Amino acid sequence: MFTSTGSSGLYKAPLSKSLLLVPSALSLLLALLLPHCQRFFVYDLQSVKDNFQIWRLICGRIICLDLKDTFCSSLLIYNFRIFERRYGSRKFASFLLGSWVLSALVDFILVEAVWYSFGITASRNLPSGFLAPVFALFVPFYCSIPRVQVAQILGPLSITNKTLIYILGLQLFTSGSYIWIVAISGLISGVCYHTKTLQINQVLCIPGWMAKFFSCTLEPIFSSSEPATEARIGMGATVDIQRQQRMDLLDRQLMLSQFAQARRQRQQQGGMINWNRLFPPLRQRRNINYQDVRRSEQQASPPLEVSEEQVARLMEMGFSRGDALEALRASNNDLNVATNFLLQH
């Protein structure tokens, strides 16, 4: 039950797709075919500090040398692709770039703090890979993705749509001895970028010309086609929200069918409500006098109090007051169901 936008895969997420394919393929290549080249991708801050090997800040922070880290980070990137769909590839890339640069600085600070506080040398034991930006994405995930309860266990404890993502992040957090340093630096950089501290989001961002260049060159390579088998409904923030949207849509269709069945039964039994009389076709609505409807409203006491605000909203859409009242009463004051029924009759 991963947090995603349904089963539409990597549609409208070319950057996420490239981050899944390229680093994972290079990680497998280094682990299986080129193990002697792994020394060039070791994240060694001590060599950066003593020998001024700045290139290790780039090579050591892109490709994971541990396949378990590769697997966990790939799953998290796949689920965090929702931010690329929501904000766009350029803004998503700017967040990753900003958190990647900031976390390198925070890594130096944390390593020195551990050394001066506990006498532990962690600068040569940091895990390699694109891990800090992955942990940084937990900040917008926590702040902007709604929490939907899925199940409740052991009394107050509950499972939500975000639980498995946090468990996966905890698995990555505990995969190594010093990965907590990278995780904390990623979270700190994510908070700084998300809260726009010192206008970092304006300094560390992707320029417009660069975004256009990659959009023309790399986006056609990593773009995915739109799935043709899925219904086009509103894109929810999580798979559970989108599933709930589908369930709501089915509930509305079921209620509409129940309305139609009840209408036929009332017509056959000579009941009080005649939907064909109260809901004429749209083409004839402008030419019909609704005085008979108002008289029937005065004679029959309303079975349910109707919100005047909802009546006004339906009348703003062009429906008459009589139609709006009957539709809201029949739908138990559900504005969406009443609107759908009025549009279909």
Side-chain angles (χ1 to χ4, degrees), residues 2 4-5 8-44 54-104 107 126-138 141 165 168-169 171-172 175-176 179 182-183 186 189-190 204-207 209-225:
F2 294 113
S4 65
T5 52
S8 54
L10 293 165
Y11 176 61
K12 290 186 178 180
L15 179 58
S16 300
K17 185 176 181 180
S18 64
L19 291 176
L20 283 174
L21 296 180
V22 177
S24 299
L26 293 176
S27 179
L28 289 173
L29 183 64
L30 290 174
L32 301 178
L33 301 179
L34 301 173
H36 58 280
C37 296
Q38 289 186 352
R39 66 179 186 273
F40 298 108
F41 299 92
V42 175
Y43 186 27
D44 190 352
I54 304 297
W55 55 272
R56 289 194 178 274
L57 289 176
I58 301 176
C59 296
R61 305 180 72 242
I62 295 179
I63 303 174
C64 293
L65 299 181
D66 191 336
L67 293 182
K68 297 191 301 296
D69 295 345
T70 302
F71 178 74
C72 292
S73 60
S74 298
L75 285 178
L76 289 172
I77 290 174
Y78 179 78
N79 286 279
F80 288 150
R81 75 197 188 281
I82 55 177
F83 298 112
E84 183 176 4
R85 291 177 177 173
R86 178 178 296 184
Y87 304 124
S89 297
R90 180 184 176 186
K91 190 173 182 179
F92 182 66
S94 298
F95 180 89
L96 294 178
L97 174 64
S99 59
W100 188 74
V101 174
L102 284 176
S103 60
D107 283 345
L126 294 179
S128 303
F130 197 72
L131 300 177
V134 173
F135 284 106
L137 286 170
F138 275 98
F141 178 75
I165 304 300
L168 187 59
Q171 171 66 31
L172 184 61
S175 62
I179 195 173
V182 176
S189 61
L204 299 175
C205 64
I206 303 297
W209 62 268
M210 185 178 295
K212 292 181 181 179
F213 174 77
F214 286 112
S215 176
C216 296
T217 56
L218 297 182
E219 184 173 352
I221 300 175
F222 294 102
S223 60
S224 300
S225 59

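It should be emphasised that the depicted structure is a prediction, and the values quoted were computed from it without experimental measurement.
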Trainee: Just by modelled atom types, is the Y78 backbone N or O under 3.5 Å from a matching donor or acceptor in the S16 side chain?
Mentor: no
Trainee: List for me each residue that meets side-chain hydrogen bond (donor to acceptor under 3.5 Å, both in side chains) alongside R90, sequence neighbours excluded, and say none if there are none.
Mentor: none
Trainee: Verify whether one side chain among S223 and E219 offers a donor that lies under 3.5 Å from an acceptor in the other.
Mentor: no
Trainee: For the residue pair F135 and L76, establish whether any side-chain heavy-atom pair is separated by less than 4.5 Å.
Mentor: no
Trainee: Can you give the donor-acceptor pairs under 3.5 Å from side chains of residues 95-103 to other protein atoms, not counting sequence neighbours?
Mentor:
residue, atom, partner, partner atom, Å
S99, OG, F95, O, 2.9
S99, OG, L96, O, 3.1
W100, NE1, R61, O, 3.1
S103, OG, R61, NH2, 2.4
S103, OG, S99, O, 2.8
S103, OG, W100, O, 2.9

Trainee: For the side chain to side chain contact (heavy atoms under 4.5 Å, CB included) test, which of I165, L172, L168 pairs with L75?
Mentor: L168
Trainee: Compare all side-chain heavy atoms of L20 with those of L10 and state whether any distance is below 4.5 angstrom.
Mentor: yes
Trainee: What's the spacing between C205 SG and K91 NZ if we round to 0.5 Å?
Mentor: 11.5 Å
Trainee: Checking S27 now: which residues fulfil side-chain hydrogen bond (donor to acceptor under 3.5 Å, both in side chains) with it, not counting sequence neighbours?
Mentor: T70
Trainee: By side-chain hydrogen bond (donor to acceptor under 3.5 Å, both in side chains), which residues pair with D66, not counting sequence neighbours?
Mentor: K68
Trainee: Between F80 and F83, what is the ring plane arrangement, given parallel below 30°, perpendicular above 60°, and tilted in between?
Mentor: tilted
Trainee: Could you tell me whether the side chain of L19 reaches within less than 4.5 Å of the side chain of F222, counting heavy atoms only?
Mentor: no
Trainee: Could you give the side-chain donor-acceptor pairs of residues 127-134 under 3.5 Å, partners two or more places apart or in another chain?
Mentor:
residue, atom, partner, partner atom, Å
S128, OG, F41, O, 3.0
S128, OG, Y43, N, 3.1

Trainee: Kindly write out the residues that satisfy side-chain contact (heavy atoms from CB on, under 4.5 Å) with F213, not counting sequence neighbours, or none if the list is empty.
Mentor: T217
Trainee: Work out which heavy atom in A31 is nearest to a heavy atom in Q38; give both atom names and the distance.
Mentor: CA-NE2, 3.5 Å
Trainee: Would you call S73 and C64 a side-chain contact if the rule is heavy atoms closer than 4.5 Å?
Mentor: yes
Trainee: Can any side-chain N or O of R81 pair as donor or acceptor with the backbone N or O of K17 at less than 3.5 Å?
Mentor: no
Trainee: Would F214 and I206 count as a side-chain contact (heavy atoms from CB on, under 4.5 Å) if you check the C-alpha gap in whole Å, the side-chain angles of each, and the deciding distance to 0.1 Å?
Mentor: CA-CA 11 Å; F214 286 112; I206 303 297; 5.8 Å; no
Trainee: Please confirm whether the backbone N or O of L15 pairs with a side-chain atom of E84, one donor and one acceptor, at under 3.5 Å?
Mentor: yes
Trainee: Output the distance between atom CG (L21) and atom CG (L26), rounded to the nearest 0.5 Å.
Mentor: 10.5 Å
Trainee: Are I82 and R86 packed together at the side-chain level, in the sense that at least one heavy-atom pair is separated by less than 4.5 angstrom?
Mentor: no
